[in-house]
Enquirer: 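One structure, as structure tokens, below. Some questions next.
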Amino acid sequence: MYNFILANRVALDLNSWFAKIKDEFYINFIAEDRYMYLVKGLWMTLRITFFAVLLGIALGVIAAIVRSTHDKTIKEMRPGLAKGLLIFFNAIVKLYLTVIRGTPVVVQLMIMYYIIFASSTNAMLVAVLAFGINSGAYVAEIIRSGIMSIDNGQFEAGRSLGFNYIQTMYYIVIPQALKNVLPALANEFIVLIKETSVSGYVGIMDLTRGGDVIRSRTFVAFMPLFAVAAIYLIIVVIFSKLVTVMERRLRNSER
Amino acid sequence: MSADKNNEVIISVNELSKHFKNKTGKIYALDGITTDIRRGEVLVIIGPSGSGKSTFLRSLNLLERPTEGTITFEGVDITSPESDINKLRQKMGMVFQHFNLFPHLTILDNMTLAPRKLLKMSKEDAEAKALELLERVGLLDRADAYPSQLSGGQKQRIAIVRALCMSPDVLLFDEPTSALDPEMVGEVLDVMKALAKSGMTMAVVTHEMGFAKEVGSRVIFMDEGKIIEEGTPSEIFDNPQNERLQSFLAKVL
Ligand SMILES: Nc1ncnc2c1ncn2[C@@H]1O[C@H](COP(=O)(O)OP(=O)(O)OP(=O)(O)O)[C@@H](O)[C@H]1O
Ligand SMILES: [Mg+2]
């Protein structure tokens, strides 16, 4: 008899716990289509990350070429306009790398949004620029290490056939360097997708901000924030798996 | 096979020097080299390690910048700042000790890249020429392979025909067989012999004294950045004058 009551009470507790979960789930995600904050936020996060990665790679390649060209050839160069330009651009790139890597990305984002592009109404574009410029500084180092890892004999073989410096870089060195650092570049995507979570600082409705908006409407923190965390985690885990597969493929194609 | 003494001079090297600076001062890798290379000639450069053979060869196509002296190639002073170094290199092929094939490209693409991009040859023409050359060195069936799938000897044969695809007037070889397993040296030397026979002008740094004797039209012995002795293979190998050359030959022969 006593056991029966106890079991009943546990069942009742469990029942009410499930009911509470269900209620919370309903109020956080279903009511007023609140799940759309997460869906739209995720879409925004993915778009910002994607375009920022593209911009970052473009800037990174340019910065890496300037830096490695300078380091490789400046001693051999004859004085003249080309040498002066190279020194100038190398200094600019160095400044870019130092400033970007020496300041928090969220500060860079706010400076871009509230000062440099204060007149812009397209917050997403500003975010793409800010994160892309930020990412470019890290990508530059990745690609520079890729270029430096290519045997100098490759470079000399290109030059000895009659290719000029740029052509040798373009046809021979960069394709090999990019292939070598592809996993590191994919990793940059993983880093960046998490970094874009500060987009809310400039009023962008990204995934993190979406969850936070739900929290502020429902006054329940647990569900929306864990949902946001879970979504990031799933994307990162999937992407890490892809990187691992890619690394294995690349290694296999070497021999 | 010795080149006609009356053949035109194709490369003229005059008082060429190259120094590297270090803490204690200047090291002269080349110290006043003067010599001519004539069309159709096979110039063999020998000497102990560190004597400046590579630096000399690499100066000829300006992979090393000489610090003093001049090099005239087909009548043009290539050491002058106005000369178009990339154009000149198209006419002067180079074969390296470590092959330096492009690992991201197939054999065929390794060979056609430069003719297509630099000589603006059509894909068909460039490939036809490459396939013909591949057939000559017995590697036609490897056209679609990647360099990593080839043996060392095969790689070096490809490196030679890759240079030939640009139809150069001169071919420079820096120890082309030194990185090869002994059983593969022969196949590469055979290709080089055939090239010499066909009249190609060649400058070859090598430790293969047999090759120097058999194929060389002239041999230069270098030591400490200078040409110590110069002559026909029989003069150098059978009747060496300088004592440094004598002791060098005693070691390598
Ligand atoms: N980049 C460099 N910096 C400083 N010294 C150098 C450099 N390259 C060559 N040297 C020096 O110049 C000299 C000639 O070198 P080089 O490579 O031409 O000799 P080599 O005859 O080709 O020798 P090996 O048979 O070992 O290839 C050597 O004393 C070498 O140490
Ligand atoms: Mg050498």
Side-chain angles (χ1 to χ4, degrees), chain A residues 61 69-86 143 146-185 246-255, chain B residues 20-21 54 57-58 60-67 79-82 84-105 109-119 146-149 155 158-159 162-168 170-174 179:
Chain A
V61 168
T69 301
H70 178 274
D71 290 358
K72 265 189 182 180
T73 62
I74 202 73
K75 271 203 245 137
E76 298 277 304
M77 265 175 116
R78 298 195 195 93
L81 180 66
K83 184 169 186 171
L85 281 177
L86 185 55
I143 292 180
I147 291 175
M148 290 305 188
S149 75
I150 304 297
D151 180 51
N152 204 38
Q154 290 291 308
F155 196 80
E156 293 189 341
R159 295 308 302 270
S160 78
L161 285 165
F163 287 112
N164 65 29
Y165 184 89
I166 303 277
Q167 290 168 322
T168 306
M169 277 287 176
Y170 183 78
Y171 292 120
I172 295 156
V173 178
I174 299 283
Q176 295 181 55
L178 281 183
K179 194 179 148 199
N180 287 352
V181 300
L182 212 54
L185 286 180
M246 190 158 69
E247 273 178 328
R248 200 175 310 132
R249 285 253 176 93
L250 286 176
R251 249 204 313 278
N252 288 345
S253 75
E254 287 286 290
R255 288 285 126 204
Chain B
F20 296 100
K21 288 200 182 80
S54 295
L57 199 73
R58 292 158 54 81
L60 294 179
N61 68 351
L62 297 188
L63 280 185
E64 302 279 357
R65 280 227 163 259
T67 34
T79 41
S80 98
E82 288 90 48
D84 186 347
I85 169 171
N86 300 310
K87 267 271 169 336
L88 116 87
R89 286 187 182 135
Q90 294 179 14
K91 292 271 124 207
M92 225 196 264
M94 187 164 212
V95 175
F96 301 85
Q97 182 176 355
H98 295 287
F99 331 125
N100 297 346
L101 297 180
F102 306 134
H104 62 302
L105 301 177
D109 289 340
N110 261 276
M111 295 173 69
T112 56
L113 182 69
R116 288 176 59 192
K117 303 297 175 192
L118 296 172
L119 305 180
Y146 282 87
S148 59
Q149 298 166 317
K155 282 184 199 170
I158 297 295
R162 178 177 70 181
L164 287 178
C165 278
M166 291 297 284
S167 312
V170 182
L171 220 43
L172 312 174
F173 295 82
D174 192 0

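Basis for what follows: all heavy atoms, side chains included, without hydrogens, waters or symmetry-related copies.
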Enquirer: Distance from A:T168 atom OG1 to B:N86 atom CG, nearest 0.5 Å?
Expert: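 Those atoms lie 7.5 Å apart.
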Enquirer: Compare every heavy atom of A:E156 with every heavy atom of B:L63, then report the nearest pair and how far apart it is.
Expert: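 The answer is CD1-CB, 4.1 Å.
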Enquirer: Does A:L81 have any side-chain contact (heavy atoms from CB on, under 4.5 Å) partners at least two apart in sequence or in another chain, and if so, which?
Expert: A:L85
Enquirer: Taking all non-hydrogen atoms of both residues, which atom of B:N61 and which atom of A:S160 are closest, and how far apart?
Expert: ND2-CB, 4.0 Å
Enquirer: Which heavy atom of A:Q167 sits nearest a heavy atom of B:L118, and at what distance?
Expert: OE1-CD2, 3.7 Å
Enquirer: Find out whether A:I172 and B:L113 are in side-chain contact, i.e. whether some heavy atom of one side chain is under 4.5 Å from a heavy atom of the other.
Expert: yes
Enquirer: Looking only at heavy atoms, what is the nearest atom pair of B:F102 and A:A157, with distance?
Expert: CE2-CB, 3.8 Å
Enquirer: Measuring from B:M111:CE to A:L161:CG, what's the distance to the nearest 0.5 Å?
Expert: 11.0 Å
Enquirer: Can you tell which of B:K91, B:K87, B:R58, B:M92 has the highest number of heavy-atom pairs within less than 4.5 Å of chain A?
Expert: B:R58
Enquirer: Among B:R162, B:H98, B:Q97, which has the most heavy-atom pairs under 4.5 Å with chain A?
Expert: B:R162
Enquirer: Which residues pass the side-chain contact (heavy atoms from CB on, under 4.5 Å) test with A:T73, not counting sequence neighbours?
Expert: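 Per chain and number, A:T73 pairs via side-chain contact (heavy atoms from CB on, under 4.5 Å) with A:T69, A:M77, A:L86, A:Y165.
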Enquirer: With rounding to the nearest 0.5 angstrom, report the OH to NZ distance, A:Y170 to B:K117.
Expert: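 That separation rounds to 8.0 Å.
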Enquirer: So which atom in A:R159 and which in B:R89 form the shortest heavy-atom distance, rounded to 0.1 Å?
Expert: O-CD, 3.0 Å
Enquirer: So what's closer than 4.5 Å to chain A heavy atoms on B:P81: side chain, backbone, both or neither?
Expert: both
Enquirer: What are the two closest non-hydrogen atoms of B:L101 and A:Q154, and how far apart are they?
Expert: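 Scanning both residues completely, I find the closest heavy atoms to be O-NE2, 2.7 Å.
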